[in-house]
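These notes are about the structure you will find just below.
One-based numbering along the sequence shown.
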Amino acid sequence: MEKKQLKRLPVGIQTFEKIRENDMLYIDKTEYIWNMIHLGNYIFLSRPRRFGKSLLVSTLQAYYEGRKDLFKGLFIETVEKDWTEYPVLRLSMASGKHMEKDQLERYLLNILQENERRLGISSDSKDPNVRLKNLIFSAYEKTGKKVVVLIDEYDAPLLDVVHEKETLPVLRNVMRNFYSPLKDCDPYLEFVFLTGITKFSQLSIFSELNNLKNISMRPDYAAVCGITEEEMLTQMTDYIDDFAEAQQITRDEAIEGLKLQYDGYHFTWPSPDIYNPFSLLNAFQDHDYTNYWFGSGTPTYLIEMLRKFNVVPSEIGCGSVQAKSFDAPTENMKNIIPLLYQSGYITIKGYNPVSKNYKLDIPNNEIQAGLMESLLPNYVHEYADKGSSMVGDMYEALYYEDLDKMFRLLQAYLLTVPYCDNANSEGHYQQLLYVIFSLFGRYVDVEVHTPTGRVDIVMKTAQALYLFELKLNMSAQAAINQIDLKDYSSKFALSGLPIVKVGINFDPERRTIGDWKVEN
């Protein structure tokens with residue numbers, strides 16, 4: 001049987017015109033666009049990086065430029081009759097990162113120049129604020145049509161300096177001045193659409209545009225970006241079969257693996273299951289389960305903010321918040337939850353209508369493993385590269401149920417690390433093991449409550465349920481004795497898995513494992 005020819009996947013391509021003209025796979029999101037443009041004149045959407053925001057902006061640009069030819073066979077073709085052409089300003093801030101004040105102002109001027117050339121308008125003002133206002137008015141005067149302004153990644157110049165007290169206010173003033181003309185230009189604007197990751201309250205966009213509609217948590221726009229499970233199972237069904245064949249697994253196994261690795265996002269509740277589009281497309285192209293999204297860049301600001309708020313790895317996710325927490329101003333955050341949520345590292349997993357609390361957790365295996373790998377250097381510093389290979393060797397030992405080998409590897413590795421902060425703290429080693437066990441891709445939890453106390457760490461594999469008790473400068477036998485004394489095992493008797501008790505004693509002077517004991 002001849003293999004079915006699949007359309008090319010638009011991996012890394014964010015231009016609607018290029019995707020459509022080259023007949024690549026396109027998941028039709030134009031019904032959302034049709035609803036959006038009839039919702040209001042000013043719209044804001046927050047989604048994590050590489051989640052399809054730029055493609056959405058590009059699609060809006062093609063629509064407002066009257067490019068009917070690009071929408072053949074899509075939903076919007078069935079409802080739009082006029083196809084009016086408007087002057088469109090597209091302002092992408094995505095590359096405006098890691099810049100000083102003067103660099104950022106030159107960057108803004110360059111963006112405006114590109115739009116001026118495209119629309120055949122000239123200007124010589126050196127003030128980005130004045131130049132944007134003149135560009136909007138000139139485009140209106142030249143065409144007789146109101147102007148569409150599309151601002152992609154509006155907050156990019158600020159996100160990477162959100163943890164820098166001196167730099168943030170300076171760059172925020174530049175961006176506030178740049179965006180301020182939008183309010184005065186209202187009579188000349190047809191539609192304004194902004195995308196970003198987070199919300200900076202002290203920008204004129206949010207303080208002056210009173211009619212700005214934030215659709216980020218509206219259930220009817222839950223799937224405006226990303227790929228829903230239904231879209232994957234229907235519009236990408238042939239790619240699933242292709243993936244399964246390459247992996248030499250069944251279709252059902254492929255679906256389950258992709259779900260565990262890339263699914264799990266919900267940007268409101270209720271919401272369909274949303275897959276990370278960047279990772280899913282790459283997985284289909286490479287026939288692999290790699291951590292594509294996380295590997296494409298862990299923002300420095302995220303790790304810095306985790307340190308600022310003293311967030312330990314096991315505390316990421318597994319929380320609940322009120323709706324107002326999602327909308328908390330980034331520059332005035334009292335905790336890191338809004339930033340973790342908006343950046344895509346935790347997501348909504350449920351909602352309680354009585355308490356009005358949203359349940360939060362890490363979306364999927366890709367994010368769990370990626371976060372822990374990024375946090376490992378906090379515990380082993382510049383020895384993280386060796387740590388990564390050590391984790392692989394430890395997992396292999398666990399896979400073959402050789403815990404003695406697993407702990408010998410960790411013991412030897414920790415001896416090579418010359419210094420670890422808080423190495424005289426039991427909590428330090430608890431979090432270190434949590435990070436390592438999380439990198440195994442297995443269920444792991446800390447401080448698990450039982451009727452008689454709390455188990456330091458619980459880890460579940462396909463073969464067994466492991467109960468870890470940690471001691472500092474005592475003995476592994478003392479740890480086992482506590483498991484027995486408190487009868488921790490009884491809580492897990494119905495787990496359906498053999499229970500393995502593990503006692504570990506850490507030596508604070510040598511900063512490594514002193515001894516360990518394993519009992520089945």
Side-chain angles (χ1 to χ4, degrees), residues 14-17 33 36-37 40-45 53-54 56-67 83-97 99-158 171-196 200 203-213:
Q14 303 170 339
T15 307
F16 179 70
E17 178 183 19
I33 288 179
M36 191 192 308
I37 62 180
N41 297 100
Y42 296 84
I43 306 289
F44 171 68
L45 173 68
K53 300 189 301 294
S54 297
L56 186 65
V57 168
S58 177
T59 310
L60 276 164
Q61 179 179 356
Y63 169 76
Y64 275 110
E65 287 176 345
R67 297 291 307 276
W83 293 100
T84 304
E85 182 179 353
Y86 294 91
V88 178
L89 305 185
R90 184 173 179 184
L91 312 173
S92 174
M93 304 297 159
S95 299
K97 302 175 183 177
M99 293 184 176
E100 303 292 334
K101 177 178 180 290
D102 292 344
Q103 289 177 296
L104 181 55
E105 289 178 337
R106 290 195 299 271
Y107 176 76
L108 296 175
L109 286 173
N110 184 60
I111 291 174
L112 294 173
Q113 286 172 354
E114 291 174 359
N115 281 273
E116 288 164 353
R117 282 195 295 270
R118 185 165 48 82
L119 296 174
I121 293 170
S122 60
S123 178
D124 57 4
S125 174
K126 301 300 181 185
D127 185 335
N129 174 302
V130 173
R131 195 141 177 177
L132 176 59
K133 185 175 182 178
N134 290 344
L135 177 54
I136 292 172
F137 182 73
S138 297
Y140 173 76
E141 285 280 286
K142 180 176 181 179
T143 63
K145 299 266 179 46
K146 289 186 176 183
V147 180
V148 172
V149 179
L150 308 174
I151 304 175
D152 195 14
E153 303 284 7
Y154 91 98
D155 53 350
L158 305 180
L171 298 189
R172 188 173 56 211
N173 282 338
V174 173
M175 298 309 299
R176 179 168 56 207
N177 291 334
F178 179 68
Y179 293 134
S180 61
L182 292 175
K183 181 180 181 181
D184 292 337
C185 290
D186 180 72
Y188 314 112
L189 296 175
E190 173 68 21
F191 183 75
V192 177
F193 181 64
L194 304 98
T195 77
F200 287 87
L203 291 181
S204 54
I205 289 177
F206 296 102
S207 59
E208 295 181 7
L209 296 180
N210 296 325
N211 52 349
L212 180 67
K213 291 187 180 294

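The neighbour count for Tyr188 OH, taken as heavy atoms of other residues, nucleotides or ligands under 6.0 Å away, does not exceed 12. By the neighbour-count criterion of 12 heavy atoms within 6.0 Å, atom CD of Glu100 is sparsely surrounded, having that number or fewer from other residues, nucleotides or ligands.
Using a 4.5 Å heavy-atom threshold, the side chains of Lys146 and Phe191 count as separate. Gln14 places none of its side-chain heavy atoms less than 4.5 Å from the side chain of Val57. You'll find the side chain of Arg67 stays beyond 4.5 Å of the side chain of Phe16, heavy atoms only. For the pair Cys185/Lys133, a side-chain contact is recorded, criterion being any heavy-atom separation below 4.5 Å from C-beta on. Here the side chains of Tyr63 and Thr59 are not in contact, with every heavy-atom distance at 4.5 Å or above. Side-chain contact check for Leu89 versus Leu132: some heavy-atom pair is nearer than 4.5 Å. Using a 4.5 Å heavy-atom threshold, the side chains of Leu150 and Thr195 count as separate. The shortest side-chain heavy-atom distance between Phe193 and Ile33 does not fall under the 4.5 Å cut-off.
In this structure, the side chain of Asn177 does not engage the main chain of Asn129 through any donor-acceptor pair within 3.5 Å. Here the side chain of Ser138 pairs no donor or acceptor atom with the backbone of Leu135 at under 3.5 angstrom. Between the side chain of Lys142 and the backbone N or O of Pro87, no donor-acceptor pair lies under 3.5 Å. Side chain of Asn110 to backbone of Arg106: no donor-acceptor contact under 3.5 angstrom is found. For the pair Arg131 (side chain) and Leu109 (backbone), a donor-acceptor distance under 3.5 Å is absent. Checked by atom type and distance alone, the side chain of Thr15 never pairs as donor or acceptor with a backbone atom of Glu17 at under 3.5 Å.
Between Glu85 and Lys145 no salt bridge is recorded (no basic side-chain N to carboxylate O distance below 4.0 Å). Under a 4.0 Å N-O distance rule, the pair Glu65/Arg90 does not qualify as a salt bridge.
Here the shortest heavy-atom pairing between Ile136 and Val149 reads CD1-CG2, 4.4 Å. The shortest heavy-atom contact between Gly96 and Leu104 is O-CD1, 4.3 Å.
Of the candidates Asp152, Leu108, Asp155, Leu108 is the only one forming a side-chain contact (heavy atoms from CB on, under 4.5 Å) with Met93.
A donor atom on one side chain and an acceptor atom on the other are found under 3.5 Å apart for Arg118 and Asn115.
Within the 6.0 Å centre-distance limit, the rings of Phe44 and Tyr154 are counted as a close aromatic pair.
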